[in-house]
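The structure appears below as structure tokens.
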Amino acid sequence: MITWGISANSHDAALAVFDDNKLLFASHSERFSGKKNDPDLCESLVNYAASHYGYPKEVVWYEKPWAKTLRQWRAGQGFNHRSNNIKQYLSQYGIKAPLYTEWHHESHAAAGFYTSPFKEAAVVVIDAIGEFETLTMWRANEQGLKQVYKQRYPDSLGLWYSAMTQRCHLKPNEEEYILMGMAAYGNPDKLYERIIDDFFDFSGGDKIFKMRRNLHRGCLDWAPELTVNDTFDIAAATQAVYERFFEKIIHRVKTLVGGDNVVIMGGCALNCLANPIAYKHFKNVWIMPNPGDAGSAVGAVLARNQQHIGWETCSLGYNIEPTEPTEAIVEHLLKDKMCGVAQGRAEYGPRALGNRSLLADPRGPTIKDTVNAIKRRQQFRPFAPVILEELANDYFDLHGPSSDNRYMQFISACRHPELFPAIVHRDLTSRVQTVPKDGSRIRQLLEQWHTATGCPMLLNTSLNIKGQPMVNDQSHARAFEQHYSVKVFR
Ligand SMILES: [Fe+2]
């Protein structure tokens, strides 16, 4: 039976298609609509899913609309008819199947646990806000998911991190990763105690923290005497404070649930600087490659089905049937150092992992500027390396087994930063993607590149025109090629 999981009407909408418990397709709406972080479904995404897999017999929505509406009303945001009437919202896209709803944090937890390789695990969900919950912990096993701890709005680490992102003159709910990158350039000690004192309250009994103020509308008024010159210090202290609470959270879930396995979900699980802390308390860590709300398109269905799906890949989106051979890509890279690749199914999740990637030779001091000329992003942000999994430990001091590093979720110290300045951050770490012997095209490309050069890695960044979502289909790939005069292999 075809079931669709949908997460939309908030930010970064997504749709997943299941046949019973088999995941057939998943994509962000933005890839089809061309609007970055599109909060709404779009006709072309719905048509693609319907024409390839059929309209659903059931739809599962990723949160409880009535509870979210109640919280918004209680928070003084008025009564939001649109977020309460999901049936009507879906019918405008021609989706009329019976509708089921799951709790926001349970969708996150299910997306994590049922895609994990674990039969039992501690699960922690940290995000800005669900209906009411902002931080939950779960005991997960074959009997299902049992919540063992929760914190509620407005006590939210995610909301606070987004508010600080905005305070650093960045876009909240979108550019948290830029704040994370800025952290390495500031002094965390200058504002650390002040941030703790001004924002956090420890009088909440067994609660890990409470917030001194409601950050739903940000904190642009905080510390008005700090200027743009202090931004990197704010970022550094914000990240350090986040890591302090992240460690407390991981410690708490270990105490409550125990075991060797932890699953981390929610938008905060994209904090690849903090994530390695989890290995201090757990032997095995799983973060679903799309841990934010868009991942809950899959999570909503898994919360309903309560069964593992045998996760293999996040290449689940739009398919571009490859016509150009891998040999041609290697030849081009040897000559021109850089090219785009848009082959196979688009990645479901925020990272380009080789199917919609701008790839480059990572060696030497000049390539960072060359790629930056295309990406036009802040100079302080490094690019990520993609590397043959079995050789990754020769180049990076990886956390956990190298197979835990397939989705760029952990930073690792680079062992030869002087050779690869383009993929090394100021703190000499890299956000590594390892590729196993899975026969994928990116694997074949890395193998051939290694044979030709002796170098087992490439620089990998997402294939997108600045300000736009990642390339999805052939027409986007052509547009990228024309815009930047960079060859895109398809
Ligand atoms: Fe969430």
Side-chain angles (χ1 to χ4, degrees), residues 5-16 26 28-30 37-41 60-72 75 77 80 83 86 101-116 123-138 140 145 147 149-163 165 171-177 211 215-216 242 245-246 249 253 263-272 274-275 286-304 348-350 409:
I6 296 176
S7 135
N9 208 3
S10 173
H11 58 96
D12 198 10
L15 186 154
H28 300 243
S29 190
E30 62 163 25
N37 287 322
D38 194 341
D40 289 309
L41 291 177
V60 192
W61 187 257
Y62 77 120
E63 60 184 9
K64 299 283 184 189
W66 66 267
K68 183 175 178 174
T69 309
L70 179 63
R71 187 256 303 159
Q72 287 171 332
Q77 294 168 276
N80 187 338
S83 71
I86 297 308
T101 59
E102 297 291 339
W103 289 96
H104 187 108
H105 269 230
E106 195 155 356
S107 291
H108 277 311
F113 180 56
Y114 295 116
T115 58
S116 80
V123 180
V124 55
V125 180
I126 319 168
D127 68 359
I129 189 165
E131 295 87 359
F132 288 96
E133 290 160 344
T134 59
L135 163 62
T136 54
M137 300 181 192
W138 308 73
L145 289 155
Q147 195 181 91
Y149 179 90
K150 69 176 172 197
Q151 285 194 195
R152 287 161 69 98
Y153 174 82
D155 299 324
S156 167
L157 205 53
L159 213 49
W160 165 74
Y161 200 94
S162 287
T165 300
K171 240 192 217 172
N173 285 326
E174 194 173 317
E175 296 187 331
E176 282 73 9
Y177 65 99
M211 301 308 300
L215 294 164
H216 216 128
Y242 174 80
F245 286 107
F246 182 73
I249 290 165
V253 79
V263 174
I264 308 166
M265 292 295 290
C268 293
L270 290 166
N271 195 312
C272 56
N275 287 340
W286 169 254
I287 302 168
M288 190 244 202
N290 200 358
D293 285 359
S296 290
V298 164
V301 177
L302 295 184
R304 182 161 161 78
Y348 172 56
Q409 293 161 323

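Here the structure is a predicted model, which is why all the values come from computation and not from measurement. Only heavy atoms go into these numbers, but all of them, side chains included; no hydrogens, no water, no symmetry mates. Whatever order the structure lists ligands and atoms in, that order sets their numbers, starting from 1.
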Quick check: does His108 have an N/O/S atom under 2.8 Å of the Fe ion (ligand 1)?
yes

Angle subtended at the Fe ion (ligand 1) by Asp293 OD1 and His104 NE2, to the nearest 10 degrees, is 90°

For Arg71, check salt bridge (Lys or Arg N to Asp or Glu O under 4.0 Å) against everything at least two apart and list the hits.
none

Minimum heavy-atom distance Gly299-Ala111, with the two atoms named
CA-CB, 3.5 Å

Below 4.5 Å, heavy atoms only, C-beta onward: do Asp293 and Asp12 meet side chain to side chain?
no

Test salt bridge (Lys or Arg N to Asp or Glu O under 4.0 Å) applied to Lys171 - qualifying residues, sequence neighbours left out
Glu174

For the Fe ion (ligand 1), what is the closest N, O or S atom on Asp127?
OD2

